[in-house]
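Reviewing the structure listed below.
Residue numbers count from 1 along this sequence.
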Amino acid sequence: MLTTASSGSFLISPNVGLMIWTLILFGLSMVVLWKLAFPRISEALDRRQKAIEDSIEAAERTRKEADDLLDEYRERLREARGQAEEIVQRARQAAEVHERDATVEAQARREQMMEQTRREIESETRRAIDEIRREVADLTVMATEKMTRKTL
């Protein structure tokens with residue numbers, strides 16, 4: 001009968017026949033793997049490496065295009081700001097010109113109105129003086145007439 005101690009000893013004690021068969025089977029397994037599995041694994045790894053390289057190149061191209069678009073956007077934004085500043089400057093100049101024109105026109109109108117008012121005042125003053133002279137002449141004539149009647 002075999003004891004439990006002797007049953008596990010074949011794992012510990014080297015058996016040359018078992019070692020040879022293990023090495024032969026390991027070698028055959030390596031040859032089969034070398035012929036069948038390793039080329040497919042290598043091919044899959046190559047395809048994966050190529051896909052990663054293509055993805056990296058595509059990402060680089062996309063990043064470069066994005067950088068170019070960003071530069072173009074910044075340039076257009078700079079141009080738009082310049083145009084906006086130019087438009088604002090033109091609007092300010094136009095407003096200043098309009099303000100000056102309006103001031104000059106208002107000044108001219110005021111002077112015209114002042115001149116017209118002076119003429120009206122002079123005309124009214126002459127009319128009033130003429131009216132007063134007529135009244136004085138009428139009163140003088142009436143007073144003279146009364147004096148002449150009393151004297152006669």
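With a 4.5 Å cut-off between side-chain heavy atoms of Ile, Leu, Val, Met, Phe, Trp and Tyr, the cluster of Val31 takes in none.
The same ILVMFWY cluster, assembled from side-chain heavy atoms under 4.5 Å apart, contains both Ile41 and Met30. Linking Ile, Leu, Val, Met, Phe, Trp and Tyr whenever their side-chain heavy atoms come within less than 4.5 Å leaves Met113 and Val104 in two separate clusters. Following chains of ILVMFWY side-chain contacts shorter than 4.5 Å, one can reach Phe26 starting from Leu33, so the two form part of one hydrophobic cluster.
Although no hydrogens or angles enter the test, the distance criterion places no donor-acceptor pair under 3.5 Å between the side chain of Ser42 and the main chain of Phe38.
Glu96 has no carboxylate O lying under 4.0 Å from a charged side-chain N of Arg100, or vice versa, which leaves the two without a salt bridge. Salt bridge annotation for Asp46-Lys50: absent, with no cationic side-chain nitrogen under 4.0 angstrom from a carboxylate oxygen. For Glu43 and Arg47, the salt-bridge test passes: some basic side-chain N is under 4.0 Å from an acidic carboxylate O. Here Glu131 does not pair with Arg134 in a salt bridge; the nearest charged N to carboxylate O distance is not below 4.0 Å. Using a 4.0 Å cut-off between a side-chain N of Lys or Arg and a carboxylate O of Asp or Glu, Glu115 and Arg118 qualify as a salt bridge.
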Extract all donor-acceptor atom pairs below 3.5 Å that involve side chains of residues 144-151 and protein atoms in other chains or at least two apart in sequence.
from	atom 1	to	atom 2	distance (Å)
Thr144	OG1	Thr140	O	2.5
Glu145	OE2	Arg149	NH2	2.9
Thr148	OG1	Thr144	O	2.4
Thr151	OG1	Met147	O	2.1

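The structure places CG of Leu69 at 10.5 Å from NZ of Lys64, a figure rounded to the nearest 0.5 Å. We find the CH2-CG distance between Trp21 and Leu28 to be 9.5 Å, quoted to the nearest 0.5 Å. Taken to the nearest 0.5 Å, the OG1 atom of Thr103 stands 9.5 Å off from the NE2 atom of His98. Rounded to the nearest 0.5 Å, atoms CZ (Arg63) and CG (Leu70) are 11.5 Å apart. Interatomic distance, CG of Leu45 versus CD1 of Ile52, reported as 9.5 Å (0.5 Å rounding). Distance check, rounded to the nearest 0.5 Å: CG of Asp130 to CZ of Arg127 gives 9.5 Å.
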Inset, instruction - Output, in order, the C-alpha distance, side-chain angles, deciding distance and verdict of salt bridge (charged side-chain N to carboxylate O under 4.0 Å, His left out) for Arg76 and Glu72. - result: CA-CA 6 Å; Arg76 285 185 181 178; Glu72 182 180 340; 2.7 Å; yes
Inset, instruction - Report the C-alpha separation of Asp54 and Glu57 in whole Å, then their side-chain angles, then the decisive distance to 0.1 Å, and conclude whether the side chain to side chain contact (heavy atoms under 4.5 Å, CB included) test is met. - result: CA-CA 5 Å; Asp54 290 346; Glu57 288 175 10; 4.2 Å; yes
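Among Met114, Gln112, Glu120, the one residue that satisfies the side chain to side chain contact (heavy atoms under 4.5 Å, CB included) test with Gln116 is Glu120.
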